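Reading through the structure tokens given below for one structure.
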Amino acid sequence: MFKVLITGGAGFIGSFLAHKLVANGNKVIVVDDLSMGRLENLADINDKIVFYKHTVCDEQFMHDLLLKGDFDYIYYLAAVSSVADSVVRPWYTHLVNQESVVNTLEFIRANHLPIKKFLFTSSAAVYGNAADFPKTEDSHVDPLTPYAIDKYASERYTVDFGRLYGIPTVAVRFFNVYGPRQNPNSEYSGVLSIVTKCLKEDKPFTLYGDGAQTRDFVYVEDVVDALIKISTETDEPAVYNIANGDETPLIDVIHTYEDIARKKLNIIQKEARQGDISKSRADVSKLKKIGFEPQWSLHDGLSNYWKYYSEN
Ligand code: UD2
């Protein structure tokens, strides 16, 4: 049994991670200010975890927690995960997405906290419009928004604190994660959360562009398995892509989902979004080298997603 801290543990991915770690018999502590996360996401494991409604930007709180917590693993998922918000509020999102991370790393360093791993979660957003394809962890980066810049900087800090000071760290870059509990309520929410909501509520779905744009969709349960594997099976501070390694045109995903739901999506087509990338796929060979294989095909992931919503 390990003591595990998950910042952002009430969010979409964080809550799945919390469920899995609890099921594996670990003691889980969650810090989340509920700005994006939701307590309902943790309802099933409420009595098995310790939950703090708190911002990671509160230095004193975080220092006390880190000092007393005696954590083996720290999964850093707390973030303002909206690119659009980072464009509107770059200073505030910078404090959450970068400064809080460096502050935590620095506190671990200064106090010689004996953690087994600090894992920081970054994003495929760091690749921006760089031309390399598919994206390997060594591909060029081109962070184009405050969100991407902060994610990139924090990931570099994470790796460098490992290299400079010997702290066991690792960072990951999420591609397009989907699954139950992803919040569909902003126009910048993950596209499959929006499609799910539109299918379920028979609402029109706005398709930006012709649907030929591809993405590397990865089911949230696979993401959690990858996070656990990366935190336990790696020795060097490094960066790992987390994705399926496949690219699928958005329109094909929609058609597959329509078949699963046995419903037709009411699609309204609009101009492609400014800055939208036309193709995205990760090279996941580095992840596979440590023994990870995605278990969820797009069809199975979507089926499970739909089942969840039909039952809830
Ligand atoms: C993902 C991340 C974003 C940033 C970016 C970096 C998510 C939710 N977003 O954006 O934060 O890291 O990668 O490349 O993970 N679409 C529609 N209709 C909608 C919503 C979306 O057609 O109502 C399209 C959208 O224009 C895009 C595709 O669906 O072509 C995927 O959109 P997304 O926002 O889910 O993800 P992405 O890859 O653009």
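Note that this is a predicted model, so its numbers are computed, not measured. Note that ligands are numbered from 1 as they come in the structure, with each ligand's atoms numbered from 1 the same way. Only this structure's heavy atoms are used, side chains among them; waters, hydrogens and symmetry mates stay out.
- Evaluated for a side chain to side chain donor-acceptor pair (under 3.5 Å) with Asn304, the options Tyr309, Tyr219, Trp296 yield exactly one hit, Tyr219.
- For ligand 1, the 4.0 Å heavy-atom shell takes in Val83, Ser123, Ala125, Asn176, Tyr188, Ser189, Gly190, Val191, Ile194, Phe205, Thr206, Leu207, Tyr208, Gln213, Arg215, Leu250, Arg273, Asp276, Ile277, ordered by chain and residue number.
- Under a cutoff of 6.0 Å and an axis angle of 45°, Arg173 and Tyr127 form a cation-pi pair.
- Side chains of Ser35 and Asp33: a donor-acceptor N/O pair is present below 3.5 angstrom, by distance only.
- Note that Arg181 lies outside the cation-pi zone of Phe12, set by a 6.0 Å cut-off to the ring centre and a 45° limit from the axis.
- Side chains of His299 and Asp259: a donor-acceptor N/O pair is absent below 3.5 angstrom, by distance only.
- Within 6.0 Å of the NZ atom in Lys263, the count of heavy atoms belonging to other residues, nucleotides or ligands exceeds 12.
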